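Here is the structure we will look at, set down as structure tokens.
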Amino acid sequence: MPASLRPLLSEAQIQSRILELGNQISADYPDGTLYLICILKGACFFLADLARAIHRDAFIDFMGISSYGRGKSTSGEVRVTKDLDISIEGADVLIIEDIVDSGVTLNYLTHLLKQRHPKTIRVVALLDKPERRLRPVDVAYVGFEIPDEFVVGYGLDYAEKYRNLRDVCVLEES
Ligand code: IMP
Ligand code: MG
């Protein structure tokens, strides 16, 4: 499939929004134990930048979730491919996700993690496509709302490609 990339969010736009999110999160969690849970693989760059924009101690852990396969829309089936290494009991948990689309992944994940008795649990997503929602998800912090288009870059992939682009681009089939 020949494809072209149309820039949507520049590296500078992304980085400046992440600084704002980091300030807001730092103010919202003045104390307590904050756990940043990065959803692999798409949120890895977002975690790296956001964690350094948060001015307080934070633990970091990773969770692997797969709901997609190789296509552009959700299969509806969610699977944990890598679980947390640490216990989140009694902790303030912030789930770090690249993008909320149908909401299936985060709806499943928040229910799963709530069963482990964290003190609080919130979601921060770099991107949100609200038009596509099938399941309700409460996203406390959103980087950017974007239209219903398939995007890649800054961690986001299409069939594992394009993750290492610095900008977020719309993938257009041509
Ligand atoms: P949801 O379960 O439909 O909300 O899908 C969430 C996951 O689908 C995200 O974590 C991404 O991995 C993937 N995804 C959704 N939309 C896009 C997109 O536009 N580009 C790349 N991946 C996407
Ligand atoms: Mg993902």
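Residues: numbered from 1 along the sequence shown. Since we're looking at a predicted model, the values are computed, not measured.
Across all their heavy atoms, Ala125 and Phe46 have their closest contact at C-CE2, 3.9 Å. Between Tyr162 and Ala3, the shortest heavy-atom distance links the atoms OH-CB, 4.2 Å. Closest of all the heavy-atom pairs between Leu113 and Pro118 is O-CD, 3.3 Å.
Scored by the side chain to side chain contact (heavy atoms under 4.5 Å, CB included) test, Thr81 finds Ser66, Arg79 as partners (sequence neighbours excluded). Applying the side chain to side chain contact (heavy atoms under 4.5 Å, CB included) rule to Ser87 yields the partners Glu89; only residues at least two apart in sequence or on another chain are considered. Arg6 pairs by the salt bridge (Lys or Arg N to Asp or Glu O under 4.0 Å) definition with Glu149, Glu172, not counting sequence neighbours. Take Phe45 and apply the side chain to side chain contact (heavy atoms under 4.5 Å, CB included) test, not counting sequence neighbours, and it matches Tyr154. Taking Glu11 as the reference, Arg166 meet the side chain to side chain donor-acceptor pair (under 3.5 Å) condition, with sequence neighbours excluded. Residues passing the salt bridge (Lys or Arg N to Asp or Glu O under 4.0 Å) test with Lys82, sequence neighbours excluded: Asp85. For Phe62, there are no ring pair (Phe, Tyr, Trp, His ring centres under 6.0 Å) partners at least two apart in sequence or on another chain. By the side chain to side chain donor-acceptor pair (under 3.5 Å) test, Thr120 pairs with Asp92, sequence neighbours left out. Listed by chain and residue number, Arg163 satisfy the salt bridge (Lys or Arg N to Asp or Glu O under 4.0 Å) test with Asp157 (two or more places apart in sequence, or in another chain).
Here CG of Asp98 is found 8.5 Å from SG of Cys38. Values are rounded to the nearest 0.5 Å. The distance from the CD1 atom of Ile86 to the CZ atom of Arg116 is 10.5 Å, given to the nearest 0.5 Å. To the nearest 0.5 Å, the span separating CG on Leu106 from CG on Asp101 amounts to 10.5 Å. Taking CG of Asp61 as the start and CD1 of Ile88 as the end, the distance is 9.5 Å to the nearest 0.5 Å. Here Leu21 contributes atom CG and Ser26 contributes atom OG; the two are 10.5 Å apart, rounded to the nearest 0.5 Å. We find the CD1-CG distance between Ile14 and Leu126 to be 6.0 Å, quoted to the nearest 0.5 Å.
Between Ile121 and Lys114 there is a side-chain heavy-atom pair separated by less than 4.5 Å. The side-chain heavy atoms of Glu97 and Asp128, taken from C-beta on, include no pair separated by under 4.5 Å. The side-chain heavy atoms of Val124 and Ile95, taken from C-beta on, include no pair separated by under 4.5 Å.
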**Request:** Would you check, one step at a time, whether the test side-chain contact (heavy atoms from CB on, under 4.5 Å) holds for Val170 with Leu5?
**Result:** CA-CA 6 Å; Val170 175; Leu5 298 171; over 6 Å; no

**Prompt:** When you look at Val151 and Leu9, which way does the side-chain contact (heavy atoms from CB on, under 4.5 Å) test go after all the steps?
**Reply:** CA-CA 10 Å; Val151 291; Leu9 299 167; over 6 Å; no

**Message:** Run Val78 and Leu112 through side-chain contact (heavy atoms from CB on, under 4.5 Å) and show every step you take.
**Reply:** CA-CA 11 Å; Val78 183; Leu112 180 81; over 6 Å; no

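The hydrophobic clustering, which links ILVMFWY residues whose side-chain heavy atoms are closer than 4.5 Å, places Leu127 and Leu19 apart.
Annotation: ring pair (Phe, Tyr, Trp, His ring centres under 6.0 Å) contacts involving residues 100-121, sequence neighbours excluded, are absent.
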What side-chain donor-acceptor pairs closer than 3.5 Å can you find for residues 50-58, not counting sequence neighbours?
unit_1, atom_1, unit_2, atom_2, d
Arg52, NE, Ala48, O, 2.8
Arg52, NH2, Asp49, OD1, 3.0
His55, NE2, Asn23, OD1, 2.7
Arg56, NH1, Tyr29, O, 2.7
Arg56, NH1, Asp31, O, 3.3
Arg56, NH2, Gly32, O, 2.4

For residues 134-148, which side-chain N or O atoms pair as donor and acceptor with protein atoms under 3.5 Å away, sequence neighbours left out?
unit_1, atom_1, unit_2, atom_2, d
Tyr141, OH, Asp28, OD2, 2.6
Tyr141, OH, Arg122, NH1, 2.9

